[in-house]
Amino acid sequence: MTMNETIEEYIVPILADLCHSVGISDPKIALEIPRKKEHGDLSSNVALTASKQTGTPPQQLAEKLAAGFPTDSDRVESVSVAGPGFLNFTLPGRYFHQLLKDIVTAPEGFGSSDEGGGARWLFEFVSANPTGPLNIVSARAASVGDTLVRIFRKRGFQADSEFYVNDGGGQVRKLGASVRARIKQIETGAETAEIPEGGYHGEYLVDVAQALIDENGLSGSAGLEDEEHVGRSAALKIRKNQEETLQRFGVTFDRWFFESELYDEENSQVTGAYNSLVERSKTYEKDGAVHFKASEFGDSEDRVIKTSKGTFTYVVPDIAYHLNKLGRGYVKAVDLLGPDHHGHIVQLRAALAAIGLPREFFHPIIVQQVNLKRGGVEVKMSKRAGVGITLDELIDEVGVDAARFFFLMRRITSHLDFDMELARRHTEDNPVYYVQYAHARICSILRQPGAKESDEDVDLSILTEGEETDLLRALARFPWTLASIVRGIEPHPLTSYLTELARGFHLFYSRHRVIGDDRRTTAARLMLCRGVAGVLSGGLRLMGVGAPEVM
RNA sequence: GCCCCCGUAGCUCAGCAGGAUAGAGCAACUGAUUCCUAAUCAGUAGGUCACGUGUUCGAAUCACGUCGGGGGUACCA
């Protein structure tokens, strides 16, 4: 319940009534913040979109609407018609002053809203296989997913985060075989291990093997008989490491969901998922395998879901998993998936459609690849081979704040160039520190002896300098930014917004002194500073980035 | 072959629930520090929004096509 939403809630109904009165039956009214401030504080293009329906030229229509809009309230100072027929609203100064007071009073709550209405959304992300350390794409997904969850919660959704641990099937056996080879290597003191075909070559498995020997008393000879047991132990160990790494990165999950849970007992959800396709006659047998008629549901061809050997293919437990999500009461399953999952998505979507789930339930998002660079030179990576940069190494090299901020700077679907050299640089061209520095600067001001003013009788109307009113307007954009993030399920606007807010502050700072001889000006500017600091730190916190008081 | 993402300033990218004169950072050039943190600020310059057609009063934004770049496409998970 911020002032911004109340202003929207105030304007839109009035505009809707006015539209009805001039014969527009079903007006689509969207308010936006114009890019240029000459265009007012808010604008609407209803007159443009609706002019066809009424047969009135847009400008004339806009004039009519503007004339009918009350401007004697506390909320709207004037309405003007501009350009091809935009309605531009100018809000009174006291609207922004009240907003600032609200922010300073309760900085935590600013930007919150109940637009989500408590809708239960599940965000699944990272979900890396428990076969090795987290890589850079996982790092990106972790930043994005974690930030989305925080923002959606702030906007009134009941949002949960989940990590799906792929601990079933042949992969664990493969892992077991690889670890077994490493155990053998350690015991025989050999230079190299004989990693089986298709196994995992990463050096990290030496540590895992050593840990298993140490902790579980698992020796090579004991483990040799049971590849699966070794694999399971190794997977648990690796998963634990992943969790610790994510914690370092500031990311925790509400739930770690194990694929193996889906197979429990006689009541296997995987078999259930399979059966629900069979029962709906969406399958047929061919060449000894069971095929799902995926091509009827948008896939390019039908897919095998049960092999001729009688095992399910990977899509089946995934179907079961999503049915499980639905069964837990979620209305939306947002899956952040790696760039190697396109085919997967189409299959899964087809299967969920075949079973009759609402189309909007499943919302996969491909987190695009990260091109890692160091000083402009590409760093190649391959998790399977165990070379390249892990999330742990990334944290060590560039730090959590810079890493998380950089991952959030681009659209999720864009390939991301990540230059570790640049991210680590504590200077000029690094946007992370630009934003953090603005916060630290404000904190520095607030530490000054002259900053001990009470908020009681602050008169904000003396904030009339351009830099001051610009800052007030920038603060007002914060809730709108969050709303657009929710609309797009895409967090990157937050980094742009905070960079702009920081720029506004740096400019203000360079031109005006906060603490001066005039008591009233000092008090008003101090409050402005507190508001900016509150929004900066609040915004950074949503991204899991720190807001240092000293730099 | 099929599927997905991308193509906007020299570079990295915003903008895309159609809308007003297409924006920012970096790089380049010029300038600013008696004063609350110069990790800062100001100014200059930089564009056929890949191309074509269509829809529209209006297209960077929507649709179709072409070209170019990247990724994905198992009876593995």
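Reckoned from all heavy atoms, side chains included, excluding hydrogens, waters and symmetry mates. Here is how names work: the chains are called A, B, and so on, in the same order as the sequence lines, proteins then strands, and each is numbered from 1.
B/C67 sits 41 Å from B/U30 when the C1' atoms are compared, rounded to a whole Å. Taking atom P in both B/G15 and B/C5, one finds a spacing of 15 Å when rounded to whole Å. Nucleotides B/G47 and B/A38 place their P atoms 35 Å apart, quoted to the nearest Å. When the C1' atom is used for both B/C4 and B/C41, the distance is 44 Å, rounded to whole Å. When the P atom is used for both B/G7 and B/C13, the distance is 9 Å, rounded to whole Å.
Rounding to whole angstrom units, CD1 of residue A/I412 and P of B/A14 are separated by 12 Å. Nucleotide B/A20 holds its P atom 15 Å from the CG atom of A/L87, rounded to whole Å. One atom, CG of A/D302, and another, P of B/C75, lie 12 Å apart when rounded to the nearest Å. Rounding to whole angstrom units, CZ of residue A/R511 and C1' of B/C35 are separated by 17 Å. If you take CD1 of A/I365 and P of B/G71, they are 22 Å apart, rounded to a whole angstrom.
Taking the side chain of A/H492 as heavy atoms from C-beta on, and the options B/C41, B/A20, B/A14, the nearest nucleotide is B/A14. For A/P34, the side-chain atoms get nearest to B/A20 when compared with the rest of B/C76, B/C2, B/A20. Candidate nucleotides B/C6, B/A39, B/C75 were compared by shortest atom distance to the side chain of A/R411, and B/C6 ranks first. Here the nucleotide nearest the side chain of A/R441, chosen from B/C5, B/A77, B/U40, is B/U40. Nearest nucleotide to the A/T313 side chain, out of B/A38, B/C41, B/A77: B/A77. Comparing B/C76, B/G70, B/A14 by their nearest atom to the side chain of A/K174 picks out B/C76. Side-chain proximity of A/R503 to the nucleotides B/C75, B/G25, B/G15 is greatest for B/G25. Ranking B/A38, B/C36, B/A20 by closeness to the A/R513 side chain, first place goes to B/C36. For A/I515, the listed nucleotide lying nearest its side chain is B/C36; candidates were B/A14, B/C36, B/G70. Side-chain proximity of A/D417 to B/U12, B/C36, B/A14: nearest is B/U12.
Remark: the A/N45 side chain and the B/A17 base include no donor-acceptor N/O pair separated by less than 3.5 Å. Judged by distance alone with a 3.5 Å cut-off, no donor-acceptor contact links the side chain of A/S414 to the base of B/C5. Side-chain atoms of A/T499 and base atoms of B/A24 include no donor and acceptor less than 3.5 Å apart.
Between A/R35 and the phosphate of B/U21, there is no side-chain N or O to OP1/OP2 separation shorter than 4.0 Å.
At least one side-chain heavy atom of A/D318 sits under 4.5 Å from a side-chain heavy atom of A/H344.
The backbone N or O of A/E301 sits nowhere less than 3.5 Å from a side-chain atom of A/S295 that would complete a donor-acceptor pair.
Under the 3.5 Å distance criterion, with hydrogens and angles disregarded, no donor-acceptor pair is assigned to the side chains of A/N166 and A/Y314.
A/H415 does not qualify as a stacking partner of the B/G71 base, lacking a centre-to-centre distance under 5.5 Å together with planes within 30°.
Within the nucleic acid shown, A/N166 comes within 4.0 Å of sugar-phosphate atoms alone, with no base atom in reach, counting heavy atoms only.
Under the side-chain contact (heavy atoms from CB on, under 4.5 Å) criterion, A/T283 pairs with A/L277, A/V278, A/V290, A/I305, sequence neighbours left out.
In RNA chain B, the stems built from three or more successive Watson-Crick or G-U pairs (distances below 3.5 Å) are B:1-7 with B:67-73, B:10-13 with B:23-26, B:28-32 with B:40-44, B:50-54 with B:62-66.
Judged by the 6.0 Å distance and 45° axis criteria, A/R477 is not positioned over the aromatic ring of A/Y497.
Look at A/K325 and A/E124 and you find a salt bridge, because one of the NZ, NE, NH1 or NH2 atoms lies within 4.0 Å of a carboxylate O, short of that distance.
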